[in-house]
Amino acid sequence: MTITKQLDGDTLTVTVQGWLDTMTTPEFHREVADLEGAKNVVLDFGGLEYISSAGLRETVALFRFVSAKGGSFSVRKVDHKVMDVFTLTGFDKKFEIRAD
Amino acid sequence: MKKSESEKQSKSLNKLKSLKLTKSIFVKIGLIMLMLLLVLEGVVLALSYGIIYDRNLLEGERDIRRAATLAVEMCEGIDLYHPAKDDNTEEVLSQLCEMFNITYLFAVSPDIETNSETYLAIGFGKEALQEVKDTRYRGVCVEGKLNDKQIEAYNGNTDGIILHEVNTFEDSMVCYMPCTRYLDMNSHDYVYYDKPVVIGAEITLNNVNKTAQNRFRYLALLTASMTLLIAVSFGIILYFRVSKPIRKISNQMSSFVTDRENNKNVEKLKFRGNNELSLMADSFNIMTEDIDRYIGDIDALYREKHRTEAELNIARDIQMGLLLPGHLQSDRYAINAYVNPAKDVGGDYYDYCVMDDGKIFVAVADVSGKGISASLFMARAITLLHQNAIGGYRPSQILEIFNNTLVPRNSEGLFITTFVVVYDPSTGILTYSNAGHNIPYLLSDTLIPLDQAHGVAAGLFEGETYEDATMMIKPGDSLFLYTDGVNEAKNTSDAFYTTERLEKKLSACIALHSADTLEVILNDLFSFTQDAEQNDDITILTLQTKQSPDETILKMTSEVEQLVKVKEGIFGLPIGDDLKRTIYLAAEEIFVNICSYAYDMPGDVIMRLYQEQNRVELTFIDSGKPFDPTRDVLDINEYDHDHMIGGLGRYLAFSIAESYRYEYIDEKNVLQLIFSEGGQDDDHKTT
């Protein structure tokens, strides 16, 4: 899994590539612990091949953290397999999540 | 059998033909009788010879006595010592000889002192020897000729003493009488001699006897030839009236069966007369009629038996047709079965099928009793059991339904012992239930008797309940089911094969494939029973489990790091990438769950992956705390998305699986999820 962060104004774009599973989620957790002062967060899942409930939990935790501070949160370029997980669990209704 | 009989027959026929005249019992009897007659005749002849001889002797005695008396009277007229010149005493004596048919009449003067006698006169009869006639005896003194009888007569005994002399040369009899005086012509008075004269009348019996002997010879010849004639005619009569008819009867008897077989009419015997033989002939005729009738009856019975046998063969074929083939092979299991009814039709059977959910059902059963009734009951039972098996029930349920269906239509009170097994090849779970059947074996690392869940035989009591016993077995293990025809097989000494011997043999088969195990046991069984008659049906079914080439079995510990192995296993499957990810997602969620809750300390987790084209079975087995993850799965519509308390992973896993099931067996949590390519697109699948 590779994570790259890019700060653009008050929006932080976090690009996650590879697998976000039980093994890699702790690393993702560490990376998003510091939002570098950004208010809004965009998760770029264009390179994400896989997500499990562990990654899902971390994503939702991030969303709750951002929205609690009044920021916007969106997930972009979601692969259909990853999208399935969000849809199944109903989190697609909680925040903006798009395939493009 | 028929052949040997006809051989025997022709043998006896040949024997009869070769029976020589000399060996005929009648010839023997005839000869013995002839000999007996001849001996009897000999004895009679000898006896009569003695009688005639004695009579001759008596006649001779009388003759010589009378001749001697007359000779004495005649001699008293002459002085024998001084005969006249013209004395004719000797002629008179000779006349007397002829008159009485005796041989000699003589007058002698014995001299006792010198033991000599002087012939005074002698007359000859016809029989007298010529040389004696030619000799001049008168006045001749012969010495050493005096005998006691002569001396007695000389001393005055007038009784007429008889001397019978028998020696090699002659058989003669002499009568001695004294002649003490003579009439003196001059004084006309009797003058007594100084030395008395002894008159002897002798008869030679040889001649008398010769006549008699001749008579006897004729008589003997006559009687002998008469006897021979009688014997021969008796023999001829015996031959034609007895021996020949008996031979005829004998011939008829021995050729009776051959004649019948060649469709020749058996000739009726007819003998003249009303004797034992005609009675025998009548009896023979009655007997042939009886035998004809009996053979007819036997033929009918034989045809009937043949027909029944043919029908039984058909029944057997139909019954064997009810059984599935003895072999069923798949990549995860192999079934091998053997059944051999003791009679034409039997009451044993085996059955197997692949249930709707991919589980394997196997069973062996033994109907009480044998023959037609058992086989009919078996035909009904096998259908019922099979129907229930297909329904996907547990063994105990199968038995309960089976039992309840059998009981109401069982007027004969027959029952069935049966052992029912359901094996799940994807989990290795073996479930069985026993209805009064003998204990089968599991051939694993050791020989394990499947002795749990033992219930009552089916078919007797309605509402009977049965239990299930479950255990996990591993690929390579095999199951050995059999009926009591195996352990109760008897050898020629009436000894049983016994379960002990079976167990011993099976223990040696643990490493073998079950098909070979079956062969080893059957060989051992038949080498035990040898030629002994099989007294019960013999049925064996083996179920061999095996690891399919399409199956991956991973042994892990309950640590999250082991997910690498899980991933490798799943991504090694030759299936679409999306399906791999779906399966891995579920696997990850389940495995993490196990790692988190199952054990206090890291324990064993087994993951089995079985892929069949686009269908994948994922099974987790752990020995941790009993926990059914399929219970209380969260309802996503009522889920608190803000707090996210537990169960999300499980929910996710079960949501993406096509189906799932959980069982706690043998102290193990067994969770299985099924995935397929089609099911993967259908995201909102629930079971």
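- Contact between B/Ser655 and A/Leu88 at its shortest, heavy atoms only, is CB-CD2, 3.8 Å.
- Using a 4.5 Å heavy-atom cutoff, the side chains of B/Glu589 and A/Thr22 are not in contact.
- Side chains of B/Leu648 and A/Phe91 form a contact here, defined as non-hydrogen atoms less than 4.5 Å apart.
- Proximity to chain A is absent for every atom of B/Lys580, based on heavy atoms less than 4.5 angstrom apart.
- Here the straight-line distance linking atom OG1 of B/Thr582 with atom NZ of A/Lys81 works out to 2.5 Å at 0.5 Å rounding.
- Closest non-hydrogen pair, B/Gly649 versus A/Arg57, comes out as N-NH2, 4.3 Å.
- We find that A/Asp79 and B/Arg581 are joined by a salt bridge, their nearest charged nitrogen and carboxylate oxygen being less than 4.0 Å apart.
- Annotation: A/Asp8, atom CG; neighbour count of heavy atoms from other residues, nucleotides and ligands within 6.0 Å does not exceed 12.
- Within 6.0 Å of NZ in A/Lys77 there are 12 or fewer heavy atoms belonging to other residues, nucleotides or ligands.
- For the atom pair CD of B/Glu588 and CE of A/Met23, the computed distance is 9.0 Å after rounding to the nearest 0.5 Å.
- Counting non-hydrogen atoms of neighbouring residues, nucleotides and ligands closer than 6.0 angstrom, the CZ atom of B/Phe627 exceeds 12 such neighbours.
- Applying the 6.0 Å contact sphere to OH of B/Tyr662 captures more than 12 heavy atoms from other residues, nucleotides or ligands.
- Atom NZ of B/Lys474 has more than 12 heavy atoms from other residues, nucleotides or ligands within 6.0 Å.
- Of the atoms belonging to B/Val560, heavy atoms from both backbone and side chain fall under 4.5 Å from chain A.
- There is no contact between B/Phe591 and chain A, counting heavy-atom distances below 4.5 Å.
- Counting heavy atoms of neighbouring residues, nucleotides and ligands inside a 6.0 Å radius, atom CD of B/Glu667 does not exceed 12 of them.
- In A/Gln6, the CD atom is not crowded: 12 or fewer heavy atoms of neighbouring residues, nucleotides or ligands sit closer than 6.0 Å.
- In this structure, A/Asp21 and B/Leu563 have side chains that are not in contact, with every pair of non-hydrogen atoms separated by 4.5 Å or more.
- Applying the 6.0 Å contact sphere to NZ of B/Lys625 captures more than 12 heavy atoms from other residues, nucleotides or ligands.
- Separating the CG atom in B/Leu652 from the OG atom in A/Ser52 is a distance of 8.0 Å, to the nearest 0.5 Å.
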